[in-house]
Number of protein chains: 2
Amino acid sequence: MLKVPEHQVAGRQAIDGKLGPLIDNSGHFYKPLQDDDERGTRELTFYHSFSSNSRIPHHIHRFFPVFHGTQLLKASDGSGLRPYLVLQDITSDHLNPSILDIKIGSRTWYLEASNDYIQNCFHRDKTTTTVSLGFRICGLQIYNESGFWKPGRKLVRNFTADDVRSVLRKFVSSNVGPEPDCCFADSVYGGCDGILERLLELKTWFEDQTMYHFRSCSVLLLFDKESFLRGKTPFAEVKLIDFAHVVDGNGVIDHNFLGGLCSFIKFVSQVLADSKGSTMEDKI
Amino acid sequence: MLKVPEHQVAGRQAIDGKLGPLIDNSGHFYKPLQDDDERGTRELTFYHSFSSNSRIPHHIHRFFPVFHGTQLLKASDGSGLRPYLVLQDITSDHLNPSILDIKIGSRTWYLEASNDYIQNCFHRDKTTTTVSLGFRICGLQIYNESGFWKPGRKLVRNFTADDVRSVLRKFVSSNVGPEPDCCFADSVYGGCDGILERLLELKTWFEDQTMYHFRSCSVLLLFDKESFLRGKTPFAEVKLIDFAHVVDGNGVIDHNFLGGLCSFIKFVSQVLADSKGSTMEDKI
C-alpha cells in the first residue's frame, strides 16, 4: 500500500491530484521522475553514478539515501503509470521526527541551465537567505508536546538570519515558544555522534572531492526525541537529498556547496556554544 | 619622488593622464581615494577598522599591507590635490617579483550594491572563471631569463580552468614555455613556509571570522626567484589587497570568499602533487 509521506517538509506533495512522492510500509520512498525537463534524468544519472562509484568513501555513502533502482507506479496525478526512483525512506524508523530541510549554497543556479531558470533562481536566492547566509531553510517540522510545529511555506521563505538561529534553537528544545531551552543541544549538535561532527565529516569530503557539484541540494537534519529518550541510536541524522541539479565537477571542488556548508556549520556551532554558555550561567 | 609602480599587474594605472596608484623609494604605495562613489570611503573605513581591531590575530595582520593613514598628493590625472591611502609597497623589497593577482569568490557583487553594479558583476562573473572556479586571475607577471611574461588584460580575462592550471605551473618554473618544469613548486608552494601553508592559515581564519565580507578582494601571490636563489626570506608571500568592497559580516562567515579560497587551495595542491609525481617519475 502506497501513501503520501507523513513527514515531508518541502517540495511537491502528492495531494489534490498533484504529482509527488509516495512511501510504503517497508521503508521505501518513491520519487516520481519528472519528464517535463532534464531533472528526472539528471537525478537518476546521479544515483546510478554515485552508487557505483568506487571513489566514494564508505562513511560518505551513509549521508545519502540508499538507491533501489526505479519502478513503474500509478502516478498520484492520475496520469497513469510512470517511472519512480525507489529510495530509502529516511523517516521510516522514526516515530515523531523533527526535521530541517536546508538548501545549501549561495547560488542555486548553474551555468549549464537555461536563462529563465538562472533568472528565477537568481531572484529567489537574493530574496531569501541563500545569498546572505549561503543556505536557506526550505521546510521544517519540530515535534513538541502539542504535536508538530510546521510553519507554512511563505513564512519559511521569509526567514531572516535571526529566524534561522531561532529555528536551530527550537530544533533542540523541549519547547518551541519564544524562549527555547536548548536542552537537547549538547546531545543532538555536540558529541562524537552529534550533528556537528557529521557536518564536519561532510565538509572534509567537500574540500577534496571534484566529481560532483550539488546545486539546489538539501541537507536534511533529523532528530527523534522519542528515540533519544529511549536510548535508541541513531536519534539524530544528517542526510543529503535532492539531486536533480547535480552537475559534473570537472576537476573543481564544489566551492558553492562547501562555502554554504561552512556557514551552516558556524550557525550550528554558535547555537551549541550559546547553549553551553547559558547552562554554565544557570549553574553559577 | 613619486612614480608609477613598476610591478602593478591589475587595476587602473597612473599613465596617459589617468588616475592610479603611485609609489616612493621608501616602500610606500599611494592609492587614490576614488570620490565618484563609495569605494574610496569604504576602503579607508576598512583600513581604519581593521588596523585598530583587537580581535584580529597577530598572524592574520601579516596578510594585509601595513596602513600608514592618508595623505594629500598631486593626482596623476592632473585634477590637483586629492587624498591617497598610504600603504606598504609589497613589492619594494623584491628585485624581479613574479606576481599573481587572484580575485577570490564566485560572486563579486553584494546585496548592498546598486542594481547596475550587480548586473555588471553578474555578467563578468559568468563569463570569467569566477562562477565556475570560485576565483579568477586578474593579472600576472612571471619572471624568466628573458624578462617578464605579462599577458594582456583581454587574454587574462578569457582564461579557462586549464589556463589557470598552466599559470600556476609557470609561476614556479624556470621556463614559461608550453612545458613548465615546476622546479620551484616544492619550495614555493610546499613546506612550512610555503604559499599553501599560508593559504591554509587564511582559510582557518575565514572559517571563523564573521566581522568582514571581502567582495572583489584579491589574494596576491609573490615569488622572487632572486631572493630564493640568494637564500633570502621571505622569497614567497601571500597578501590580501583591494578592500573597496568590504562589507559588514553581520555575524555570518564570508562563505563566498571561503569557498573560493578552498577552490584555489585545491588548484595549488594539485600543481604541487603533480610536480612531486613528475619528479618521482624522473628519478625512476
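We name chains A, B, ... by the order of the sequence lines, and we start the count at 1 in each one.
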Trace of the side-chain contact (heavy atoms from CB on, under 4.5 Å) decision for A/W109 with B/V131:
CA-CA 10 Å; A/W109 55 272; B/V131 165; 3.9 Å; yes

Report yes if the side chains of B/I265 and A/E207 come closer than 4.5 Å at any heavy-atom pair, otherwise no.
no

A/D208 versus chain B, the contacting section by heavy-atom distance below 4.5 Å
both

Hey, does the side chain of B/H255 reach the backbone of A/S132 with a donor-acceptor pair shorter than 3.5 angstrom?
yes

Quick check: does any side chain N or O of B/K126 sit under 3.5 Å from a backbone N or O of A/L111, one acting as donor and the other as acceptor?
no

Counting heavy-atom pairs under 4.5 angstrom with chain A, the leader among B/A161, B/S269, B/S263 is B/S263

Side chain, backbone, both or neither of A/F267 within contact of chain B (heavy atoms, under 4.5 Å)
side chain

Does a side-chain heavy-atom distance below 4.5 Å link A/F122 with B/I118?
yes

Keeping A/K266 on the side-chain end and B/V252 on the backbone end, is there a donor-acceptor pair under 3.5 Å?
no

